[in-house]
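Chain A is the first sequence line, chain B the second, and so forth, proteins listed ahead of strands; every chain is numbered from 1.
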Number of protein chains: 2
Amino acid sequence: MATTLQTLDRGLRALEIVAEHAEGVTIAELAEQLAVHRAIAYRIVTTLEGHGLITRTREGPVRLGAGISLLASRFEPQLRGVAQPLLQRLARATRATAFISVAQGDECVVIMEAEPEEGLLRVGYRVGSRHPLTRGAAGIAILAARPPQPDDDEAVRQARTEGFSLTRGQLQRGAVGVASAIASPQVRPGVEACVGVVAMDDLDTDTAIREVMDHAGQLADLIGQ
Amino acid sequence: MATTLQTLDRGLRALEIVAEHAEGVTIAELAEQLAVHRAIAYRIVTTLEGHGLITRTREGPVRLGAGISLLASRFEPQLRGVAQPLLQRLARATRATAFISVAQGDECVVIMEAEPEEGLLRVGYRVGSRHPLTRGAAGIAILAARPPQPDDDEAVRQARTEGFSLTRGQLQRGAVGVASAIASPQVRPGVEACVGVVAMDDLDTDTAIREVMDHAGQLADLIGQ
DNA sequence: TCTATTGTTACTTTTATCGCACAGGATGTA
DNA sequence: TACATCCTGTGCGATAAAAGTAACAATAGA
């Protein structure tokens, strides 16, 4: 019947709660947020700590541990580190917020973000935020990189021929997004990523399209070696 | 009696096994490595997938998911991205392998690494590798950044006064390491990190000491704002 | 066509987990 | 000092949750 495991689920929720508290949480606070007894929270913390995913200061709060970095270093190792400077350059060139998203099931998740240094208003694109692949420039760019399907949307077909996708107001009123897939089929089939920018209506789309596609090519080269 | 949770422990072990297989693993392989029945592995996979930590290609293997990046972005967000270019510069300036380590319990764990581009032989310092705080330049640098303890080792006291630690052959015969703590007590108390370099015996220690301390200061400034 | 492998789900058994209870330490207050 | 109030940490029995079995569908290969 139940296809998920309660204990594992609680442990992962605990990990997320710890992640949300940069200043750390006590076991008692953790138990309250999980709505479980403190003894349970204590055992969860002990187990997570055994795997290095969290760490504890003496008698004090719990925070994320170095095991997270180990996992992150295994997840698209080529991308991390190399991509951040590129994203910064893209953000500067387009005066817009640059991001990298990957497909996760039938959703699109932001994994990295860089904001322009200048400008009065900034558009933030929160790392970890997700939305359906069928909505927003990022998802459409990823769908366009897949083999053609008979039920593809018009926007997807257009993005497939042009090499980029441009959407207005699909995720937020007044927001415009441009994205292009990062092509690396030979390296890691199954990993689907795209790079793009998002901004208010005043985005210079010609520049954005050119820069986004240029950076998508650079990223593909960097991770394709 | 048992202070850890078997189900959570298995789930985290599964996550680590998936991380070790960049090309992906099938549920059957995962079940074999965990020494559990396929049905159990299936439920573990479903639960991990629900939290975005792993993702599945259609009918195919399992690999790490975007949730890892979300967690990583919460773990020392200032450090990630900003630090990698600095590490590259440090590696180039010293012609040695540069690294950042953090304290995890009474151990010292490498979380980032950068290797010099030139040179015939490279010294690799694997991300995720760990050793006691009392051994190696990195651990001593972290201990030296803590308030003085009566049972401090001589090397720790010396590192505290000089601002850096230098060890030879403690972790590996013929290896020499230099490290200095990243001081950021006001920002995130409880996070203890250090930066350093490791190389064969031919390290130019004067240059290394100067560069490591300089970069430690830069990193402290960057994350201290 | 037959066989082998894998993913997936229903059902029964059993065991790991839950939640209570209590001990102990640190801190604050009268 | 005595008392109160937080917190962490840990046996132990009842029970809910997970383990294990079996079975089915789908796919691939011989």
Neighbours of DNA chain D within residues 5-17 of chain B, by heavy-atom distance under 4.0 Å: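 Contacting residues: T7(B), R10(B).
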
Check every atom of dC18(C), dA19(D), dT6(C) against the side chain of A28(B) and return the nucleotide holding the closest atom.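 For A28(B), the side-chain atoms sit closest to dT6(C).
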
Can you tell which of dG7(C), dC12(D), dG20(D) lies closest to the side chain of R56(B)?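 Of all the options, the side chain of R56(B) is nearest to dG7(C).
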
Would you kindly give the [atom1]-to-[atom2] distance between [X] and [N], to the nearest whole Å?
X: L30(A); N: dC6(D); atom1: CG; atom2: P; value: 19 Å
X: I27(A); N: dG25(C); atom1: CD1; atom2: C1'; value: 15 Å
X: E29(B); N: dT5(C); atom1: CD; atom2: C1'; value: 12 Å
X: I40(A); N: dA14(D); atom1: CD1; atom2: C1'; value: 14 Å
X: E32(A); N: dC6(D); atom1: CD; atom2: C1'; value: 14 Å
X: L34(A); N: dC18(C); atom1: CG; atom2: C1'; value: 14 Å

Exercise: identify the closest heavy-atom pair between [X] and [Y]:
X: C194(A); Y: A181(A); value: CB-CA, 3.8 Å
X: L48(B); Y: L15(B); value: CD1-N, 4.3 Å
X: T3(A); Y: T46(B); value: O-CB, 3.5 Å

With side-chain contact (heavy atoms from CB on, under 4.5 Å) as the test, pick out the partner of I100(A) among L87(A), L90(A), V110(A).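 Exactly one candidate clears the test, L87(A).
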
Basic-acidic side-chain contact under 4.0 Å: R146(A), D152(A):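 Looking at D152(A) together with R146(A), the answer is no, because their closest N to O distance does not fall below 4.0 Å.
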
Does the distance from a Lys or Arg side-chain N to an Asp or Glu carboxylate O, for R157(A) and E154(A), drop under 4.0 Å?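 So R157(A) pairs with E154(A) through a salt bridge.
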
Taking for each residue the nucleotide of DNA chain D bearing the nearest heavy atom, is the 5' side occupied by Y42(A) or by V36(B)?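 Here Y42(A) is the residue nearer the 5' end.
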
Please check the phosphate of dT9(C) (OP1 and OP2 only) for any side-chain N or O of R38(B) closer than 4.0 Å.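 No, because none of the side-chain N or O atoms of R38(B) sits under 4.0 Å from OP1 or OP2 of dT9(C).
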
Ignoring backbone atoms, establish whether H37(B) has a side-chain N or O less than 4.0 Å from OP1 or OP2 of dT21(D).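 For dT21(D), neither OP1 nor OP2 has a side-chain N or O of H37(B) closer than 4.0 Å.
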
Please verify the inter-ring angle class for Y125(B) with F99(B); under 30° counts as parallel, over 60° as perpendicular, anything in between as tilted.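 Ring orientation of Y125(B) relative to F99(B): perpendicular.
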
